[in-house]
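In what follows, every heavy atom counts, from backbone to side chain, and hydrogens, waters and symmetry copies are set aside.
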Amino acid sequence: MPREKRRDYEVGYRNPPHHTQFKKGQSGNPRGRPCGSKNLKTLVNEVLNELLTITENGRRRKITKREAIVRQVVDCSATPDLRAVRIVFDLLRDIEGKSEPASHEPSAFTAADEEVIEQLKARLLRKQEEFDE
């Protein structure tokens, strides 16, 4: 910066001294994460979305690796492989739990639950009366 402009440059809030400002073309975080690097989730998704060529009923098809994995697990669960059956059931439980809307009906309380609720109400009312006095 020319000397004439340096004299009338006021250092303060949002106006740092010139010697501490970033130089042109210099990164503010030179050892930071490199551009274009991917995290684990992105890498796994990219690999699972790659295409495979399979032969099904004498015809060739292209499917994703993700679909191939699901097909293999489901096919194994049709055999007496208990681990594959457990995996499929866990997947189904997760899928069905997310897709079904939550019921808006209140759950039914048992007699013991009702008694506990009444005791809590009585205790809260006593505390409120003590506070008001």
query: So does Lys23 have more than 12 non-hydrogen atoms from other groups sitting under 6.0 Å from NZ?
result: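 Correct, the count exceeds 12.
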Minimum side-chain heavy-atom gap Thr64-Leu51 below 4.5 Å: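 In contact.
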query: Does the side chain of Val85 come within less than 4.5 Å of Asp81's, by heavy atoms?
result: no
task: Decide, yes or no, whether a salt bridge links Glu50 with Arg66 under the criterion of side-chain N to carboxylate O below 4.0 Å.
output: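 Result for this pair is no, no salt bridge flagged.
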- prompt: Should the pair Arg71-Glu67 be classified as a salt bridge under the 4.0 Å nitrogen-to-oxygen rule?
  reply: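 Looking at Arg71 and Glu67, the cut-off is met.
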Could you state the interatomic distance from [atom1] ([X]) to [atom2] ([Y]), rounded to the nearest 0.5 Å?
{"X": "Arg86", "Y": "Leu91", "atom1": "CZ", "atom2": "CG", "answer": "13.0 Å"}
{"X": "Arg60", "Y": "Thr53", "atom1": "CZ", "atom2": "OG1", "answer": "5.5 Å"}
{"X": "Ile54", "Y": "Arg59", "atom1": "CD1", "atom2": "CZ", "answer": "12.0 Å"}
{"X": "Leu52", "Y": "Ile69", "atom1": "CG", "atom2": "CD1", "answer": "9.0 Å"}
{"X": "Leu82", "Y": "Ile87", "atom1": "CG", "atom2": "CD1", "answer": "11.0 Å"}
{"X": "Glu118", "Y": "Lys121", "atom1": "CD", "atom2": "NZ", "answer": "4.5 Å"}

task: Over all heavy atoms of both residues, which pair between Pro16 and Val11 is shortest? Give the atoms and the distance, please.
output: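 Heavy atoms of Pro16 and Val11 come nearest at C-CG1, 4.4 Å.
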- request: Check Glu10 against Asn15 and note the closest heavy-atom contact, atom names and distance.
  value: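 Shortest heavy-atom separation between Glu10 and Asn15 comes out as O-CB, 3.3 Å.
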field: From CA spacing to verdict: side-chain hydrogen bond (donor to acceptor under 3.5 Å, both in side chains), Asn45, Thr42
entry: CA-CA 5 Å; Asn45 276 327; Thr42 304; over 6 Å; no
- request: Flag yes if Leu92 and Val73 sit in one hydrophobic cluster, no otherwise; membership is Ile, Leu, Val, Met, Phe, Trp, Tyr, and two members link when side-chain heavy atoms are under 4.5 Å apart.
  value: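 Yes.
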- request: Would you check if the side chain of Asp113 reaches a backbone N or O of Thr110 as a donor-acceptor pair within less than 3.5 Å?
  value: yes
